[in-house]
Engineer: 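Take this structure first; my questions come after.
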Amino acid sequence: MSDARRWTIALGLVGALALAMGLIVIDHLPVGAFHDDAMYVILAKSIATGQGYRYLNIPGAPTATHFPPGYPAVLALLWRVAPGFPANLALFKTLNATCFAGTAILMSVFARDRLQNASWAIVVGVLSAISVPLLVLVTMVLSEPLFLLLLVATLLFAERHVAAPSSFGMAALAGAWIGVLTLVRTHGIVVLPAVVLPLLVRRRVGDAIAVVIGTMAIALPWQLWSGANGSPLPAPLAGNYGSYIGWWTRGYAAAGPSMIWATLSRTLPEVGAMLSALFSPARSHFAHTITLVALLALVAIGAAMCRRRAPVTLLFLAGYATIVLVWPFPPSRFVWGVWPLFLFLLVVPATRVHLTGTPGRRAGNLAILAMLMWLGAGYAAYETRAIRGRWWGSISRSASQRIEPAIAWTRQHTSPSDLVASDDEGSIYLYTGRLSVPVASFTTEHYLGNRTAEVEAREGLGPLLATYPIRVVLVGSSRTFDAAAYLASRPVPILSLRDQFAGGAAFTVLTR
């Protein structure tokens, strides 16, 4: 059998493994565990039913400018094929599973391209195919699986272009790929400087300009449209429904440079804790320290080895990591969104381990081998526990304990014309048809500090009650319950506790 045929069969097996894993994790739990997943479905419905790109759950259906339209547009195509909700969620999740399989195949191709080693390339593909952190995202209707598929394809194409002779047409095509990427997730724009800088270093100014032109040709129309059509929103809606940049800049304007340092003081330990939990064979502070040192060492070695082999990918990961670390939001989901690329960097040092040569080289290789064995044992243990415990569905299962009772209560105790405020406003709209708004504002302070019930009520729920004719307030967390209870306990109460049920409580809005 020829090498080419063996390679094709191996790729097919990697893809089949990933597709099987992706299909296995599909469940029938309600959408809305991450908030964004419900919003993607709402926007897909809006496009598919000819209502434009709008938040159908909000009174007045304001124009949607928070989420780029790429993923909702793809879901809208599927919605036209299977318009019955919630049955079509299975089709949406099958799309994610398919993207997951494509990513595993492309990671193998990418690794072989960059490492010139088919065996280790298949290892990268298999690791991607059984990646539980990524399967967590596959189980929900989130844009990360499609984004990652397009990202790996873009990096593969861009790395080849940077290494090839100058070509204005190929450079413009690479830029167009980047533009498409930004229409799925905005931070895909980080690929643009990651491609342009290596081209400029190689004095290929024409190619660099072509990449920028290609990117802007695809990305700029959306930016212009969203800037021209952004609907004015009440302040409490600006965080989850307004622009990403506006959300960050409002936080920076309020806190100044201290916001960045406060963010780093939280994101860095959280990333460290997550990585040590995934890769450590033992559960102790000492073992976690060894794990983090080994991870940093192998990533540094892998990056050094890829400095010439994969310069675009390294620059992208550096820029992406910078955004993740200074963004006041739990970083895990962002890290999982590029997880196979992180695994690739860890595998790269394994390709240089040869227990021959000078004593110094043998000692260095033995150290690399020891670190790989330590991290490999820890990651294998994590994956085994995660697969046995079906951890990919843990977030959805936990959220469903809050969402399902709220949906049932809304159906039973409200009329179709009632406006409901809820922690899970997207789910309430999708499953009950009631218009819905959130019960709290979303600001950088939610991640960086504790907000009192009074502040939550004054800046979030109170202004929403003053703006919209809300009839019922549903709360599913201690934070929002305390804010509602504060408004119910004022000398002139605005709310009255009406009911409590598994996972939450209902407040009636008093006549004003």
Side-chain angles (χ1 to χ4, degrees), residues 36 39-40 43-44 47-48 53 64-80 92 95-107 109-110 113 134 137-138 141-162 164 167-199 207-227 229 243-245 310 312-313 315-317 319-320 323 334 337-338 340-341:
D36 290 6
M39 292 299 108
Y40 284 129
L43 294 174
I47 297 171
Y53 197 55
T65 57
H66 184 77
F67 299 97
Y71 186 59
V74 174
L75 295 182
L77 293 175
L78 298 180
W79 192 294
R80 297 295 296 271
F92 298 164
L95 167 68
N96 280 359
T98 305
C99 292
F100 179 61
T103 296
I105 293 172
L106 283 179
M107 280 303 305
V109 175
F110 175 85
D113 225 42
L134 191 53
L137 303 177
V138 172
V141 188
L142 292 169
S143 62
E144 278 86 350
L146 177 60
F147 173 77
L148 184 55
L149 174 68
L150 294 174
L151 173 63
V152 178
T154 302
L155 292 175
L156 178 63
F157 186 86
E159 296 285 13
R160 288 178 176 178
H161 173 67
V162 168
S167 169
F168 189 91
M170 290 297 101
L173 185 57
W177 272 108
I178 298 170
V180 171
L181 197 61
T182 66
L183 295 183
V184 178
R185 289 187 69 79
T186 305
H187 52 236
I189 196 64
V190 178
V191 181
L192 178 59
V195 176
V196 168
L197 287 175
L199 290 174
D207 279 12
I209 293 173
V211 171
V212 174
I213 292 173
T215 301
M216 292 300 103
I218 302 298
L220 189 58
W222 157 247
Q223 298 299 327
L224 293 175
W225 182 90
S226 60
N229 292 276
S243 73
Y244 289 105
I245 298 300
V312 176
T313 303
L315 286 170
F316 165 77
L317 288 174
Y320 184 87
I323 292 175
F334 296 113
V338 295
L341 294 172

Engineer: Using side-chain contact (heavy atoms from CB on, under 4.5 Å), reason through F110 and L106 one step at a time and then give a plain yes or no.
Structural biologist: CA-CA 6 Å; F110 175 85; L106 283 179; 5.9 Å; no

Engineer: Between P145 and C99, what is the shortest heavy-atom contact and its length?
Structural biologist: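 In terms of heavy atoms, the two residues are closest at O-CB, 3.6 Å.
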
Engineer: So, do L148 and P340 sit near enough that their side-chain heavy atoms are less than 4.5 Å apart?
Structural biologist: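 Yes; the side chains approach each other to less than 4.5 Å.
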
Engineer: Parallel, tilted or perpendicular: which one describes the rings of F157 and W177, with boundaries at 30° and 60°?
Structural biologist: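 The arrangement is tilted - the two ring planes meet at 30° to 60°.
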
Engineer: Has the side chain of Y320 got a donor or acceptor atom that lies under 3.5 Å from a matching backbone atom of H187?
Structural biologist: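 Pair absent, no side-chain N/O of Y320 close to backbone of H187.
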
Engineer: So, does E144 use its side chain to make a donor-acceptor pair with the main chain of L134 at under 3.5 Å?
Structural biologist: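 No.
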
Engineer: Sub-3.5 Å donor-acceptor pair from the side chain of Y53 to the main-chain atoms of P68, do we have one?
Structural biologist: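 Yes, Y53 side chain to P68 backbone: donor-acceptor pair under 3.5 Å.
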
Engineer: Is the shortest side-chain heavy-atom distance between V212 and V196 below 4.5 Å?
Structural biologist: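 Side chain of V212 against side chain of V196, heavy atoms only: contact under 4.5 Å found.
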
Engineer: Which heavy atom of H66 sits nearest a heavy atom of Y244, and at what distance?
Structural biologist: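 Looking at all heavy atoms of both residues, the shortest contact is O-CE1, 2.9 Å.
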
Engineer: Which atom names give the shortest non-hydrogen contact between Y40 and S143, and what distance separates them?
Structural biologist: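 Where Y40 meets S143 most closely, the heavy atoms are OH-OG, 3.0 Å.
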
Engineer: Supply the atom-to-atom distance L75 CG to L146 CG, rounded to the nearest 0.5 angstrom.
Structural biologist: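 One gets 8.5 Å once the value is rounded to the nearest 0.5 Å.
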
Engineer: Roughly how far apart are L192 CG and T154 OG1, rounded to 0.5 Å?
Structural biologist: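 It is 12.0 Å, given to the nearest 0.5 Å.
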
Engineer: I'd like to check L77 versus R80 (side-chain heavy atoms, cut-off strictly below 4.5 Å). Are they in contact?
Structural biologist: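 No. Closest side-chain heavy atoms not under 4.5 Å.
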
Engineer: Rounded at 0.5 Å granularity, tell me how far CG in L155 sits from OG1 in T313.
Structural biologist: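 Answer for the CG-OG1 pair, L155 versus T313, is 4.5 Å.
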
Engineer: H161 and L199: side-chain contact (heavy atoms from CB on, under 4.5 Å), yes or no, with the steps?
Structural biologist: CA-CA 9 Å; H161 173 67; L199 290 174; 4.2 Å; yes

Engineer: Which heavy atom of L150 sits nearest to which heavy atom of V180, and what is that distance?
Structural biologist: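 Closest pair (atom of L150, atom of V180, distance): CD1-CG1, 4.2 Å.
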
Engineer: Start with the C-alpha distance between F316 and L151, add both sets of side-chain angles, then the distance that settles side-chain contact (heavy atoms from CB on, under 4.5 Å), and finish with yes or no.
Structural biologist: CA-CA 10 Å; F316 165 77; L151 173 63; 3.6 Å; yes

Engineer: Give the intermediate values and the outcome of side-chain contact (heavy atoms from CB on, under 4.5 Å) for residues V141 and Y71.
Structural biologist: CA-CA 10 Å; V141 188; Y71 186 59; 3.5 Å; yes

Engineer: For residues A158 and V195, report the shortest heavy-atom separation together with the two atoms involved.
Structural biologist: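 Closest approach of A158 to V195, heavy atoms only: CB-CG2, 3.8 Å.
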
Engineer: Can you tell me how far CG of D36 sits from CZ of F67, rounded to the nearest 0.5 angstrom?
Structural biologist: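 So the gap between those two atoms works out to 4.0 Å.
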
Engineer: When rounded to the nearest 0.5 angstrom, what distance separates CG in L142 from CE in M39?
Structural biologist: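 Answer for the CG-CE pair, L142 versus M39, is 12.0 Å.
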
Engineer: Can you confirm whether W222 sits close enough to T186 that some side-chain heavy atom of one is under 4.5 Å from a side-chain heavy atom of the other?
Structural biologist: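 W222 does not reach T186 side chain to side chain.
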
Engineer: So if I apply the side-chain contact (heavy atoms from CB on, under 4.5 Å) rule between T215 and each of L181, I189, L220, which one comes out positive?
Structural biologist: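 Of all the options given, the one that passes is I189.
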
Engineer: Tell me the closest heavy-atom pair linking P193 and P198, and the distance in Å.
Structural biologist: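 Reported closest heavy-atom pair: O-CD, 4.2 Å.
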
Engineer: May I ask you to check whether over 12 heavy atoms, not counting those of I245, lie within 6.0 Å of atom CD1?
Structural biologist: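 Incorrect, the count does not exceed 12.
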
